[in-house]
Participant: 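What follows is a structure written as structure tokens; I'll ask about it next.
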Amino acid sequence: MNRSLPTFFRTTLLTLGTLALAQISVFGVGAGVSAEQKQKEMEAEVVKAAEAPNADLTKLQCGNLVYAGGKSSICFADKFLADVATQTNLNVGKNFIPVRLDADHVFDFPFCVWSGEDDFALTKKERDNLRKYVLNGGFILSSPGCSDPRWDTALRRELKLIFPEYKMVKLPMSHPVFSIVNQISRLTDKHGAPAFVEGMEVNGRLVMVYSKDGLNDVSNARGCCCCGGNMIAESVLVNVNVFTYALLY
């Protein structure tokens with residue numbers, strides 16, 4: 001500290017320095033906890049909560065899948081659920097409910113998000129449940145965290161194993177999923193380049209919507225340290241439409 005500074009300024013600088021250290025400690029840096037580690041801890045809490053889902057089933061609830069033994073994500077924002085509740089007459093639960101893909105609880109949820117990072121492989125029970133879930137009316141909204149190509153590859157591999165008779169195809173912008181609530185004429189990535197989403201149909205019914213770039217709305221995902229990758233700029237609008245479409249069609 002410069003002793004030539006007036007006492008007032010020395011005191012102010014010392015106070016600011018103390019506050020800065022306190023803020024660092026609050027956000028984990030001073031305590032030696034990185035943002036990545038904090039995210040992992042929060043994901044572990046999601047996995048633990050999925051053991052006993054706490055859902056008000058008088059509302060339309062959205063599950064957050066726990067899969068591959070113990071993988072999940074906190075990098076898919078649930079903000080779109082509140083938007084659905086505001087923009088439609090649907091009685092919607094406004095927060096994700098963690099649920100294991102290999103548990104019977106998954107069939108309590110008409111709609112689930114499926115996201116994560118890195119490579120993965122589903123268990124036989126998870127594959128059986130996912131097929132049963134989708135073929136019996138369930139809907140999946142999915143995209144990788146941070147546009148992770150490893151997760152994208154794993155997802156496509158799993159879908160070919162589970163649904164060999166069905167394919168993911170690019171959805172045209174004329175599809176009603178892009179106009180049921182919000183009128184969406186085009187999709188762009190965060191750099192402004194054209195983007196698209198894919199879908200899977202079973203007997204003429206859309207059962208899954210997927211984006212390799214991302215529909216996660218990372219800026220509204222609490223605790224996520226992911227950059228968002230090449231996320232679709234209109235993701236919130238798309239997610240509102242997809243949820244509404246899935247429940248009404």
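This chain uses plain numbering: 1 for the first residue, then up along the sequence.
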Participant: Is R127 salt-bridged to E158, cutoff N-O under 4.0 Å?
Facilitator: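 Between E158 and R127 there is a salt bridge, with a charged N closer than 4.0 Å to a carboxylate O.
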Participant: Spell out, with a plain yes or no, whether C146 and C75 have SG atoms under 2.5 Å apart.
Facilitator: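 Between C75 and C146 there is no disulfide, given that their SG atoms are not under 2.5 Å apart.
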Participant: Closer than 4.0 angstrom, basic N to acidic O: yes or no for K94 and D83?
Facilitator: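 Here K94 does not pair with D83 in a salt bridge, since their nearest N and O are not under 4.0 Å apart.
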Participant: Below 4.5 Å, heavy atoms only, C-beta onward: do F76 and S142 meet side chain to side chain?
Facilitator: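 A side-chain contact is absent here, since even the closest heavy-atom pair is not under 4.5 Å.
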Participant: Apply side-chain contact (heavy atoms from CB on, under 4.5 Å) to residues V207 and E201 and explain how you reach the verdict.
Facilitator: CA-CA 6 Å; V207 299; E201 290 190 349; over 6 Å; no
Participant: After noting the C-alpha distance and the side-chain angles of D118 and W151, does the key distance pass the side-chain contact (heavy atoms from CB on, under 4.5 Å) rule?
Facilitator: CA-CA 5 Å; D118 300 324; W151 201 89; 5.9 Å; no
Participant: Identify, with sequence neighbours excluded, every residue that meets salt bridge (Lys or Arg N to Asp or Glu O under 4.0 Å) alongside E51.
Facilitator: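 Only R100 meet the salt bridge (Lys or Arg N to Asp or Glu O under 4.0 Å) criterion with E51.
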Participant: In sequence, state the C-alpha distance, the side-chain angles, and the governing distance for E117 and Q39, and then conclude on side-chain contact (heavy atoms from CB on, under 4.5 Å).
Facilitator: CA-CA 12 Å; E117 299 174 35; Q39 178 178 321; 3.8 Å; yes
Participant: Within the 4.5 Å heavy-atom criterion, are L90 and V92 side-chain neighbours or not?
Facilitator: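 Contact flag for L90/V92 side chains = yes.
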Participant: Between I232 and I140, is there shared hydrophobic-cluster membership here, with clusters defined by ILVMFWY side-chain heavy atoms closer than 4.5 Å?
Facilitator: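 They do not share one cluster, since no chain of ILVMFWY contacts under 4.5 Å joins I232 to I140.
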Participant: Considering residues at least two apart in sequence or located in another chain, which fulfil the ring-ring contact (aromatic ring centres under 6.0 Å, His included) criterion with F139?
Facilitator: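 With sequence neighbours excluded, F139 shows a ring-ring contact (aromatic ring centres under 6.0 Å, His included) to F111, given in chain and number order.
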Participant: Specify the closest pair of heavy atoms between M231 and V218, including all atoms of both residues, with the distance to one decimal.
Facilitator: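 Smallest interatomic distance, heavy atoms only, reads SD-N, 3.4 Å.
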Participant: Measure the acute angle between the ring planes of Y249 and Y245, then classify it against the limits of 30° and 60° as parallel, tilted or perpendicular.
Facilitator: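 Y249 vs Y245 ring planes: parallel.
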Participant: Are any of the side-chain heavy atoms of M200 and V169 separated by less than 4.5 Å?
Facilitator: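 They are not in side-chain contact.
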Participant: Give the cluster check for I180 versus M208: same hydrophobic cluster or not, with ILVMFWY residues linked at side-chain heavy-atom distances below 4.5 Å.
Facilitator: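 Hydrophobic grouping puts I180 apart from M208.
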Participant: Measure from the side-chain N and O atoms of S143 to the backbone N and O of L215, and report whether any donor-acceptor pair falls under 3.5 Å.
Facilitator: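 At least one qualifying donor-acceptor pair exists.
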Participant: Mind checking the NZ-CG spacing from K160 to L155? Nearest 0.5 Å is all I need.
Facilitator: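 Spacing of NZ (K160) from CG (L155) equals 11.0 Å.
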Participant: Got N182 and V240 here, is their nearest side-chain heavy-atom distance under 4.5 Å?
Facilitator: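 In short, these two side chains touch, coming nearer than 4.5 Å.
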Participant: Closest approach of F243 and C62, non-hydrogen atoms and distance?
Facilitator: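 Minimum heavy-atom contact is CE1-CB, 4.3 Å.
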Participant: Is there a continuous path of hydrophobic side-chain contacts, each under 4.5 Å between heavy atoms, that joins V134 to V106?
Facilitator: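 Same cluster: V134 reaches V106 through Ile, Leu, Val, Met, Phe, Trp or Tyr contacts under 4.5 Å.
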Participant: Establish, yes or no, whether the cationic atom of K71 lies under 6.0 Å from the six-membered ring centre of F120 and within 45° of the ring axis.
Facilitator: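 No, K71 does not sit over the ring of F120.
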Participant: Counting only N and O atoms by type, is there a donor-acceptor contact under 3.5 Å from the side chain of D148 to the main-chain atoms of P144?
Facilitator: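 Checked: no pair found.
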Participant: Assess the side chains of D213 and S211: does a donor N or O sit below 3.5 Å from an acceptor N or O?
Facilitator: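 Note: D213 and S211 side chains miss the donor-acceptor criterion.
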Participant: Less than 4.5 Å apart, side chain to side chain, heavy atoms only: is that true for V66 and L101?
Facilitator: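 No, side chains not in contact.
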Participant: Kindly indicate whether the side chain of F109, heavy atoms from C-beta on, has any atom under 4.5 Å from the side chain of L60.
Facilitator: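 A side-chain contact is absent here, since even the closest heavy-atom pair is not under 4.5 Å.
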Participant: Any sub-3.5 Å donor-acceptor pair from Q183's side-chain atoms to F178's backbone N or O?
Facilitator: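 Judged by distance alone, no pair lies under 3.5 Å.
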Participant: Flag yes if more than 12 heavy atoms outside D104 fall under 6.0 Å of its CG atom; otherwise flag no.
Facilitator: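 Result for CG/D104: open.
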Participant: Applying a strict under-4.5 Å side-chain criterion to I, L, V, M, F, W and Y, I'd like to know whether V177 and L247 cluster together.
Facilitator: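 In one cluster: yes.
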Participant: Can you find a heavy atom in the side chain of D128 that is under 4.5 Å from one in the side chain of D102?
Facilitator: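 A side-chain contact under 4.5 Å is absent here.
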Participant: Is any side-chain N of the basic residue among D119 and R150 closer than 4.0 Å to the acidic one's carboxylate O?
Facilitator: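 Salt bridge flag = no for R150 with D119.
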Participant: Just checking, any donor-acceptor pair under 3.5 angstrom between side chains of S115 and N216?
Facilitator: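 Yes, N216 and S115 have a side-chain donor paired with an acceptor closer than 3.5 Å.
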Participant: Check for me, please, whether V202 and L141 land in the same ILVMFWY cluster - side-chain distances under 4.5 Å, paths through other members count.
Facilitator: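 No: no chain of side-chain contacts under 4.5 Å links V202 to L141.
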Participant: Quick check against the 3.5 Å criterion: does E126 have a side-chain atom that pairs as donor or acceptor with the backbone of T123?
Facilitator: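 Checked: pair present.
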Participant: Are there over 12 heavy-atom neighbours, none belonging to N136, within less than 6.0 Å of that residue's CG?
Facilitator: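 Yes, CG of N136 has more than 12 neighbouring heavy atoms, counting only those of other groups under 6.0 Å.
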Participant: Tell me, do H105 and P53 make a side-chain contact under 4.5 Å, heavy atoms counted?
Facilitator: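 Yes, their side chains come closer than 4.5 Å.
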Participant: State the CD-NZ distance between E198 and K170, to the nearest 0.5 angstrom.
Facilitator: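 Answer for the CD-NZ pair, E198 versus K170, is 9.5 Å.
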Participant: Do T188 and E234 get their side chains close enough for a donor-acceptor pair, meaning under 3.5 Å?
Facilitator: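 Yes, because at least one side-chain N or O of T188 sits under 3.5 Å from a partner of the opposite role on E234.
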Participant: Working to the nearest 0.5 angstrom, can you tell me the gap between N64 CG and S72 OG?
Facilitator: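 Here the interatomic distance stands at 4.0 Å.
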Participant: Quick one: does any side-chain atom of R131 pair with a main-chain N or O of I162 as donor and acceptor, under 3.5 Å?
Facilitator: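 A pair under 3.5 Å: yes.
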Participant: Could you go step by step and tell me if D217 and N220 meet the side-chain contact (heavy atoms from CB on, under 4.5 Å) rule?
Facilitator: CA-CA 6 Å; D217 183 26; N220 287 302; 3.1 Å; yes
Participant: Rounded to the nearest 0.5 Å, how far does CZ of F80 lie from OG1 of T244?
Facilitator: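 Spacing of OG1 (T244) from CZ (F80) equals 9.5 Å.
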Participant: Enter the distance from Q61:CD to N91:CG here, rounded to the nearest 0.5 Å.
Facilitator: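 Here the interatomic distance stands at 9.0 Å.
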Participant: What's the spacing between L187 CG and F196 CZ if we round to 0.5 Å?
Facilitator: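 Those atoms lie 10.0 Å apart.
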Participant: Check for a donor-acceptor pair, side chain of D78 on one end and backbone N or O of L81 on the other, with a separation under 3.5 Å.
Facilitator: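 Looks like no, no N/O pair under 3.5 Å.
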Participant: Might you work through the salt bridge (Lys or Arg N to Asp or Glu O under 4.0 Å) test for K38 and E43, ending with a clear yes or no?
Facilitator: CA-CA 9 Å; K38 184 62 178 178; E43 288 174 351; over 6 Å; no
